[in-house]
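Worksheet for the structure shown next.
This is a predicted model, so every value here is computed, not measured. Protein chains get the first letters and strands the later ones, always in sequence-line order, with residue 1 at the start of each. Note: hydrogens, waters and symmetry copies are ignored here, and every other heavy atom, side chains too, is used.
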Amino acid sequence: MSSFSDDDAFEAAEMSLSQRAMMGARPTQQANYMDGLNPAQREAVEALDGPVLMLAGAGTGKTKALTTRIAHLLVTGKARPNEILSVTFTNKAAREMKDRVGRLLGETVEGMPWLGTFHSICVKLLRRHAELVDLKSNFTILDTDDQIRLMKQLIVASGMDEKRWPARQLAGIIDGWKNRAWTPEQVPTAEAGAFDRQAVRLYTEYQSRLRDLNAVDFGDLLLHMVTIFQRHQDILQQYQRYFRYVLVDEYQDTNVAQYLWLRLLASSHKNICCVGDDDQSIYGWRGAEVGNILRFEKDFPGATVIRLEQNYRSTHHILAAASGVIAGNKGRLGKTLWTDREEGEKVRLIGHWDGEEEARWVGEEIESMQRGTRGMEPVSLDHMAILVRASHQMRAFEDRFLTIGLPYRVIGGPRFYERLEIRDAMAYFRLAVSQDDDLAFERIVNTPKRGLGDKAVQTIQRMARSNGVSLVEGARLCVQTGAIKGKGGKALGELVIGLDRWHQQVVAESDTHIETAEMLLDESGYTMMWQNDKTPEAAGRLENLKELIKALENFDNLQGFLEHVALIMDNESEDMEEKVSIMTLHAAKGLEFPAVFLPGWEDGLFPSQRSMDESGMKGLEEERRLAYVGITRAEAVCTISFAANRRVYGQWQSQLPSRFIDELPEENVEVLTPPGLYGGGYGAAGMSMNASPAFSMARESTIFEKASKADVYNSPGWKRMQNRNQGPRGMSQPIEARGLTIDTTATSSFTIGDRVFHQKFGYGEVVDIEGDKLGIEFDKAGSKKVVAKFIVPAGQENDVPF
DNA sequence: CGCTCCTGTGTTTTT
DNA sequence: CACAGGAGCG
């Protein structure tokens, strides 16, 4: 399947240095590609041999240094493209690096086959050596969902109570062990309670089941490779020679398995360059070990440590605010970021009554920045981002932006490939490629409904097991022997015949894989199933299926596509319209925006209560790093906000401002006054209505009562606020009283049942009227609440007031 | 076997 | 509150 060749690579490894130099030298570019590097970056680029730790703070040109380093390796002839092992965490990062290396050298670097994510590289390696861990090289890669379903089966099979042994949780535990590179035998049993012992037993069974299925999960990709390297010195040595240089991006995010894998590969030549920032380690919860970066110098004695500290991204105030927050963490390697950029605007801080008002304010702020405000240049929506702690916070913003028609894009939202219909379709593809894929079979036996329920599936499973064959074969036997009769039996027979036919088509390549895929979805009745479905989301699902088919165009065959999907998580269908980005703080790492909004800075939400409960001080420090990551995404304007009340699980809860707010250095922060004060707003206690709209942080500000941290919550300001806030019911005459900008004079002249048109959502029917808000069931966009002034009766589309 | 209603549970974060 | 998964009925 993969089209790399061992031979090339090993040939290259035996090549003399002079040959290399001749081959790689591109004298014309040599002068250019290092231009514009600062001394630290240049050092990082030029220190090619031996271990190097590059500590690169946020916005210090890390990727530039890293890509230039690759270019330098190539140009000096130290390595050919396929001799550089270069690992990243995300496909996006890998892609960007490829692009940038290509740009530096003024051409696309063909090759660089070993620039990729840990996972994609390990898949390639493991396909070559699968037999060493009892797998066939065409193993399938299970996603989280498959993993959990498998685990559930094992739990049920061993007669355990699913409630007491939640499959999800066990899968999580096993993942954690795999992250630490523990095979079932290696899990420490010293402190093993009953639970752990059961878990280890299930882990063992799970692994053997995976072997039977010829499948691996994400964790296995690394774990198996580590095992292979440890057990087979010869193979390890091959690769040590093969990969002459090793580069690692985001080293602070590596887990133990990844660390071991890297150490094994680099242990002979020690040409390893790790780039990272301990202050941006935010993946501890999924096994990342900040310790890896902290002990690099111990692992590789004599390592060159290079600090990139000049920040090119943010203004002084933003950088200082971020530094002030992160200073609260202990055990840092320590960096002092500096910038020669302008002072810029202070970090802006604003409190709101509740989450909805926060969203409303942010929406208005975005619109006014888009127009250009306070003498500032207009800012494109593409240059603004809202970064939230938890994805559920996105909802308030989406709701609001839909209402006011502000275009937005959610990054890393519900993933395309995780959607129900996509996963179903993929299961069909998987079966067409390999009939042995039992999990795929289970997924679609009865989708669309074929009258095959639990009972039928069990019969098939029994049949398969007792004959030692796959489920598809088991099903075939069930039909032949009449073990499943009647309506279900007939349908099953048809399914099996269909599967055979589709498989033939894949093997014979009689049609293009795209035609095969379309036909498959048609003939199986899957498309029909959604066409007959009258629920609102059915149309969208059909759209997604179309998109899936379109995605196939980028691949030569179904196999290649499935491989890609298993590993690729990001699916950004770029459209050209300018949009505000909404994403989690985690998703924002590595990105930058001129204007950044950081809402929801409230204790419990951010820092997250759960994080603190589960990991105590360690958890809090990770949250603080998250705050640091958030602030440092901003180039020019950074706005932090919080709300006094928030709905949690449908319950109103009053919130405390985040402790991180107290850690922002006063001199870099400006406290804004909410637009409509109602008897003294949160961020402006003690101020009168006609006070200046912004005031610098001062003693009278309730939030910044400089009490010791322990009694922040007993501070007079806090108490005052608590007394005032009896929940949002307290603002029953809200909108008018606060003089907000909603135009209530535009009372709707619509009646229920009217056909209407909206610029963004298209046509729909009015189903509900609440003052100036209309509930509309849109044909395409589903039901929404929209302010009446954005609506016109159908037929007057040209009059939409935008 | 499939559908509906009900209950319980959970919202970090993702390769 | 919203969604998933289970129980119970048709």
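Evaluation of the ring-ring contact (aromatic ring centres under 6.0 Å, His included) rule for A/Phe118 yields A/Phe89, A/Trp261 as partners, not counting sequence neighbours.
When the side-chain nitrogen and oxygen atoms of A/Ser391 are compared with OP1 and OP2 of B/dT14, none of them lie within a distance under 4.0 Å.
Rounding to the nearest 0.5 angstrom, the gap separating the OG atom in A/Ser281 from the CZ atom in A/Arg332 is 12.5 Å. A distance of 4.5 Å separates CZ in A/Phe606 from CG in A/Leu626, rounded to the nearest 0.5 Å.
In this structure, A/Asp249 places its CG atom 14 Å from C1' of B/dT15, rounding to the nearest Å. Whole-Å rounding puts the A/Phe397 CZ to B/dT11 C1' distance at 16 Å. Here the P atom of nucleotide B/dT15 and the CZ atom of A/Phe89 are 11 Å apart, to the nearest Å. If you take CD of A/Gln655 and P of B/dT11, they are 18 Å apart, rounded to a whole angstrom. The interatomic distance linking A/Arg625 (CZ) with B/dT13 (C1') rounds to 13 Å, in whole Å. We find that NZ of A/Lys124 is positioned 19 Å from P of B/dT15, with the value rounded to whole Å. Straight-line distance from the NE2 atom of A/His392 to the C1' atom of B/dT11: 5 Å, rounded to whole Å. Separating the CG atom of A/Asp217 from the C1' atom of B/dT14 is a distance of 14 Å, rounded to the nearest angstrom.
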Where do N or O atoms of nucleotides 1-3 of chain B meet protein N or O atoms at under 3.5 Å, pair by pair?
from	atom 1	to	atom 2	distance (Å)
B/dC1	OP1	A/Gly453	N	2.8
B/dC1	OP2	A/Lys455	N	3.4
B/dG2	OP1	A/Gly451	N	3.1
B/dG2	OP2	A/Asn446	ND2	3.4

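Note on ring orientation: taking the six-membered ring where Trp is involved, the planes of A/Trp285 and A/His586 are perpendicular (angle over 60°, cut-offs 30° and 60°).
Between B/dT11 and C/dG6, the two C1' atoms lie 22 Å apart (nearest whole Å).
Considering every non-hydrogen atom in both A/Arg625 and A/Gln280, the closest pair reads CD-N, 4.3 Å. Residue A/Thr117 comes nearest to A/Val87 through the heavy atom pair C-CG1, 4.1 Å, listed as atom of the first residue, atom of the second, then distance. Smallest separation of non-hydrogen atoms from A/Asp277 and A/Ile293: N-CD1, 3.9 Å. When all heavy atoms are compared, the tightest approach of A/Lys589 to A/Val629 is CA-CG1, 4.2 Å.
For A/Phe139 and A/His224, the ring centers are positioned 6.0 Å apart or more.
The ring of A/Trp285 lies on top of the base of B/dT13, close enough and flat enough: under 5.5 Å between centres, under 30° between planes.
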Seminar exercise, completed: Protein-proximity profile, nucleotides 1-10 of chain C, B/S/- by nucleotide at the 4.0 Å heavy-atom cutoff, equals BS---S----

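A/Ser611 comes within 4.0 angstrom of a base, heavy atoms only. At the heavy-atom level, A/Phe606 lies nowhere under 4.0 Å from the strands shown.
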